[in-house]
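All remarks here apply to the structure that follows.
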There are 2 protein chains.
Amino acid sequence: MKTETKRGRPRKFDEDVTLDRIMLVFWRQGYAATSLDQIAEATGLNRPSLYAAFGSKKEMYLKVIGRFADQMQAHLHDAGLTASGLHPRLKAIMTAAIDLYCGKSSLCNAAYGCLAISTLTTEVADDPDFKSMMAHVVERMDQGFADLIREETKGLVPEANLRFTAQHLSLILHGISVRARTGESRTALQELAEAAVDRLVPETASQTVV
Amino acid sequence: MKTETKRGRPRKFDEDVTLDRIMLVFWRQGYAATSLDQIAEATGLNRPSLYAAFGSKKEMYLKVIGRFADQMQAHLHDAGLTASGLHPRLKAIMTAAIDLYCGKSSLCNAAYGCLAISTLTTEVADDPDFKSMMAHVVERMDQGFADLIREETKGLVPEANLRFTAQHLSLILHGISVRARTGESRTALQELAEAAVDRLVPETASQTVV
DNA sequence: TTTTTTTTGTACCGTATCGCACATAAATAG
DNA sequence: CTATTTATGTGCGATACGGTACAAAAAAAA
């Protein structure tokens with residue numbers, strides 16, 4: 001399998017870097033309030049190049065949301081590996097999420113909360129494509145927490161209870177995202193999250209959850 | 001004090017009814033995606049009348065948010081009066097909020113979640129006026145819960161703990177709003193809320209909270 | 001070189017946007 | 001009746017919007 005050199009004029013931009021720049025614009029302003037001119041300015045590209053590479057504004061946004069979900073999942077997964085035991089791992093994940101929501105991550109340096117919660121939620125009521133994307137993102141987050149709990153409690157917790165607790169953890173994170181974007185301090189959110197985890201899962205892994 | 005009859009041509013519309021109609025448009029589409037033509041169509045007024053009565057689009061939106069916060073607070077307060085004891089009252093409030101978020105209230109008949117969480121959150125990062133309004137709305141919700149807990153536990157719970165639990169309850173409601181707009185069923189949200197309240201406050205009022 | 005393929009950038013199209021000017025209408029005050 | 005005050009509705013104006021046509025540019029292929 002040889003690396004066939006592409007014909008035609010080469011691109012002057014990196015697709016991933018560009019998507020990250022587009023992401024930041026949508027993250028700050030939301031979908032509806034963002035114009036293609038702003039995206040063009042933020043990326044250094046002109047509109048025809050943007051359309052050729054990513055399609056319409058809506059497609060750009062959906063691509064960005066999907067990319068964000070991927071990066072978010074990887075980020076939180078990594079954070080969950082820095083500790084051991086259900087309770088400590090959950091706390092590590094919460095901390096990582098709060099840092100990200102408050103602009104303390106490589107992804108974003110402003111307190112914009114979660115991209116999906118902060119901007120996609122608005123568009124959901126009037127557009128089925130956005131709505132199913134939103135449901136997908138939330139479902140992924142629930143799944144992530146469920147997988148972690150399942151792994152750490154190996155059969156000790158009924159699947160139904162486990163999924164329920166996972167939903168509850170997602171819920172907490174969504175609420176924290178809202179407060180992060182509203183301007184609440186990182187330490188205040190950290191306290192809230194810690195208390196929430198303490199109430200949801202026991203300190204020692206041997207106890208039954210829920 | 002006599003009812004001075006106003007001079008000039010009388011208005012053909014009721015200001016409150018009109019604001020409620022404007023509210024529904026913003027509730028579905030959000031601030032940025034809503035045009036004044038859509039508002040004009042929804043209210044039956046033309047743009048000059050709208051501007052004369054409510055000012056710019058931004059002022060309309062802020063007025064609507066304030067009105068929503070008032071109505072929401074009254075709605076939840078009333079719901080809290082239908083039961084007695086901290087735990088039952090909180091559950092009643094949660095149920096009322098979920099019904100409203102899912103379109104089962106006189107305010108709105110569609111599952112649009114909370115107007116502020118669903119639409120104002122997006123605008124917050126780029127506009128200080130919206131941001132302070134959002135902080136104000138969240139603060140009011142925290143206050144409402146704090147007042148209720150304080151009233152029901154009369155001095156048994158330290159003010160700090162009490163406020164902390166109130167924030168946690170608001171957080172839950174914000175997360176539920178997101179899921180309601182995303183399409184989650186009312187019963188599923190009801191289960192989540194009940195479990196959350198069970199974990200946050202004891203069943204019997206005599207126990208210490210948190 | 002000539003041809004083919006792909007990207008770039010200018011310039012544009014039709015439409016929608018917010019906000020307002022201005023004339024008209026409907027009420028009261030004198 | 002005349003003047004004044006307030007609300008209505010048509011219509012416009014300047015701008016911004018999403019999206020695209022088209023020609024120039026930059027690479028590989030023939």
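So you know, we letter chains A, B, ... as the sequences are listed, proteins then strands, and number each from 1.
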Verify the neighbour count for atom CD of Glu15(B): are there more than 12 heavy atoms of other residues, nucleotides or ligands below 6.0 Å?
-> yes

Tell me, which of residues 19-53 of chain A have any heavy atom that sits under 4.0 Å from an atom in DNA chain D?
-> Thr34(A), Ser35(A), Leu36(A), Asp37(A), Arg47(A), Pro48(A), Tyr51(A)

Which of residues 8-17 of chain B sit near DNA chain D, with a heavy atom under 4.0 Å from it?
-> Gly8(B), Arg9(B), Pro10(B), Arg11(B), Lys12(B), Phe13(B)

At what distance, to the nearest 0.5 angstrom, does CD1 of Ile98(B) lie from OG of Ser177(B)?
-> 10.5 Å

Using only heavy-atom distances, decide whether a donor-acceptor pair under 3.5 angstrom links the side-chain of Arg7(A) to the base of dT4(C).
-> yes

Thr18(B), Asp20(B), Leu24(B), Val25(B) screened by side-chain contact (heavy atoms from CB on, under 4.5 Å) with Ile22(B), the one that passes | Thr18(B)

Apply the test salt bridge (Lys or Arg N to Asp or Glu O under 4.0 Å) to residues Asp142(A) and Arg163(A): give CA-CA distance (whole Å), side-chain angles for both, the deciding distance (0.1 Å), then the verdict.
-> CA-CA 7 Å; Asp142(A) 291 354; Arg163(A) 290 182 162 276; over 6 Å; no

Is Arg89(B) salt-bridged to Glu151(B), cutoff N-O under 4.0 Å?
-> yes

Does a side-chain N-to-carboxylate-O contact under 4.0 Å join Arg140(B) and Asp147(B)?
-> no

If we call it a pair only when both distances are under 3.5 Å in a Watson-Crick or G-U wobble match, what pairs with dA30(D)?
-> dT1(C)

Checking Lys58(A) against Tyr31(A): charged group under 6.0 Å from the ring centre and within 45 degrees of the axis?
-> no

Flag for Thr34(A)-Tyr61(A): side-chain donor and acceptor within less than 3.5 Å | no

